[in-house]
Amino acid sequence: GNLQVMVGNLYDDPKYADKRDSAFSLFYMAINIGALFAPTAAVKIKEWAENSLGYSGNDAYHFSFAVACAAMIIYFACRKWYKHVEGGKKSEKAAAAQVEDNLTPAETKARIVALCLVFAVVIFFWMAFHQNGLTLTFFADEFTETSAQGLTTMLFDVWNLVLIIVAVYATFSVSQSKGVVGILVSGLIGSGALAFLLYRAMGVEADAKVAVDAPIFQQFNPFYVVALTPVSMAIFGALAKRGKEPSAPRKIAYGMLVAAAGFAVMAFGSIGLLTPDAQAAAGDSGALVSANWLISTYLVLTFAELLLSP
């Protein structure tokens, strides 16, 4: 939340104000690209601590926080570009010097009421959405199969997800490019990504298995966000041209309904499972479900996020 405010404040200057929306899009995309790689980085560091340093699984997880430490180093190293929007006396003086909006009491009240109504709705969405890092991760750890088999194994290699993203963006670039060179370059990149994906898929044996750690499921939401953002923009862009794009409140309502559908998928997938205490007591004999339930749930929840976040 603090970062989003800082991004907005960077464009308070009127000569940059028209670039604020584009800046938020870049910020949102960059955050999700980082989140796409973070689970793999954390798991690899944990495995290194276990195999090379001899730490137990629980202790090795502490080394995963090195990923977050690296991110904070980047944050502070780039401070000179955003220091002026961090807050403090200088920022307060600058804010006081700005021209105040001449709003009537009635207009102010109307804006506050609208904001409170938005809060009343979206608080429940984000309460549900952020189960990604809590309830759904517990489900991944305690009730989901610990390995993937066949072509499903490709989804747990982050580089395959990157190839899918490249193919999606290249496809949209082909449709949007106006020059022949742009079309050819985009087509070659997209075809190359798809060809390499096919090559990797053909090398996967039907009975091949890979171990699946619970944290790795955190990569699917950012993957879907990055891959589906151009799809979402194309759909709403086409609706806008026809004058049929839903209003922001309607998008929020749709997002809430889609989020509910995502958890309905999870509820259906957990029918017949034991309670967490009974599952822990059952040990290896406890029932486990396919990883595809969680992967599908993250897909539906991402559709909801793309409707609500903008």
How about F172 and V231: do any of their side-chain heavy atoms sit closer than 4.5 Å?
yes
Any donor-acceptor pair under 3.5 Å linking the side chain of S186 with the backbone of G182?
yes
Check whether any side-chain heavy atom of Y28 sits under 4.5 Å from a side-chain heavy atom of N32, and report yes or no.
yes
Should we count OH of Y82 as having more than 12 external heavy atoms under 6.0 Å?
yes
Working note: N221 + E305, criterion side chain to side chain donor-acceptor pair (under 3.5 Å); need CA distance, chi angles, decisive distance, verdict.
CA-CA 9 Å; N221 171 243; E305 181 185 1; 3.1 Å; yes
Given the ring of F236, does K251 sit roughly above its face, with NZ or CZ under 6.0 Å from the centre of the six-membered ring and within 45° of the axis?
yes
Atom of G255, atom of A304 and distance for their closest heavy-atom approach:
O-CB, 3.2 Å
Are F37 and W159 an aromatic pair, judged by ring center distance below 6.0 Å?
yes
Taking NZ, NE, NH1 and NH2 as the nitrogens, is one of them in K46 or E50 under 4.0 Å from a carboxylate oxygen of the other?
yes
Among N132, T137, T40, exactly one meets side chain to side chain donor-acceptor pair (under 3.5 Å) together with Q218. Which residue is that?
T137
Supply the atom-to-atom distance L301 CG to F220 CZ, rounded to the nearest 0.5 angstrom.
13.5 Å
What distance do L228 atom CG and I165 atom CD1 have between them, rounded to the nearest 0.5 Å?
9.5 Å
Taking all non-hydrogen atoms of both residues into account, name the closest pair between F263 and A128 and its distance.
CZ-O, 3.1 Å
Taking N51 for the side chain and E47 for the main chain, is one N or O donor matched with an acceptor at less than 3.5 Å?
yes
Check whether any side-chain heavy atom of L134 sits under 4.5 Å from a side-chain heavy atom of Q131, and report yes or no.
yes
Would a single hydrophobic cluster contain both W126 and M256, if residues Ile, Leu, Val, Met, Phe, Trp and Tyr are joined by side-chain heavy-atom contacts under 4.5 Å?
yes
Please say whether more than 12 non-hydrogen atoms of neighbouring residues, nucleotides or ligands are located less than 6.0 Å from CG in N58.
no
With a 6.0 Å cut-off (strictly less than), is the heavy-atom count around CG of L257, excluding the residue itself, greater than 12?
yes
Apply side chain to side chain contact (heavy atoms under 4.5 Å, CB included) to residues R200 and D157 and explain how you reach the verdict.
CA-CA 11 Å; R200 299 193 73 171; D157 185 335; 3.0 Å; yes
Least distance between heavy atoms, G150 atom then V204 atom:
O-CG1, 3.3 Å
Check: S52 side chain, A49 main-chain N or O, donor-acceptor pair, under 3.5 Å
no
Once rounded to the nearest 0.5 Å, what's the spacing between atom CG of N160 and atom CE of M154?
4.0 Å
Below 4.5 Å, heavy atoms only, C-beta onward: do V168 and P230 meet side chain to side chain?
yes
Any chance the rings of F217 and F156 have centres within less than 6.0 Å?
yes
Residue pair A35 / P39: nearest heavy atoms and the distance that separates them
O-CD, 2.9 Å
Close side-chain approach of T144 to L294, heavy-atom, < 4.5 Å
yes
What about F76 and V7, same hydrophobic cluster or not, with Ile/Leu/Val/Met/Phe/Trp/Tyr joined at side-chain heavy-atom distances under 4.5 Å?
yes
Hey, are the side chains of D207 and Q149 touching, using non-hydrogen atoms and a 4.5 Å cut-off?
yes
Can you confirm whether M233 is buried at CE, in the sense that more than 12 heavy atoms of other residues, nucleotides or ligands lie under 6.0 Å from that atom?
no
Between atom OH of Y75 and atom CZ of R79, what is the distance when rounded to the nearest 0.5 Å?
8.0 Å
With a 3.5 Å distance limit and no angle check, can you tell me whether S147 reaches the backbone of A211 through a side-chain donor-acceptor pair?
no
Could you label the plane-to-plane angle of the F27 and F24 rings as parallel, tilted or perpendicular, counting under 30° as parallel and over 60° as perpendicular?
perpendicular
Got a second to check how far I295's CD1 is from N292's CG, nearest 0.5 Å?
5.0 Å
Look up atom OG in S173 and atom CD1 in I183, then write down how far apart they are to the nearest 0.5 Å.
9.0 Å
Taking the side chain as every heavy atom from C-beta outward, state whether E107 and T104 have any pair of such atoms under 4.5 Å apart.
yes
Output, in order, the C-alpha distance, side-chain angles, deciding distance and verdict of side chain to side chain contact (heavy atoms under 4.5 Å, CB included) for V212 and I216.
CA-CA 7 Å; V212 175; I216 206 68; 3.9 Å; yes
When hydrophobic residues are tied together by side-chain contacts of less than 4.5 Å, even through go-betweens, does L155 share a cluster with L151?
yes
Shared hydrophobic cluster, I73 / F65 (ILVMFWY, side-chain heavy atoms < 4.5 Å)
no
Decide if the gap between the ring center of Y298 and the ring center of Y224 is smaller than 6.0 angstrom.
no
In terms of hydrophobic clusters joined by side-chain contacts under 4.5 Å, are I33 and V166 together?
yes
Just distance, no hydrogens or angles: give the donor-acceptor pairs under 3.5 Å from side chains in residues 264-279, sequence neighbours left out.
from : atom 1 : to   : atom 2 : distance (Å)
S270 : OG     : M266 : O      : 2.6
S270 : OG     : A267 : O      : 3.4
T275 : OG1    : A278 : N      : 3.2
Q279 : NE2    : E142 : O      : 2.9
Q279 : NE2    : A287 : O      : 3.0

Ignoring hydrogens and geometry, is there a side-chain-to-backbone donor-acceptor pair from Y169 to V226 under 3.5 Å?
yes
Student check: side-chain heavy atoms of V162 and F223 closer than 4.5 Å:
no
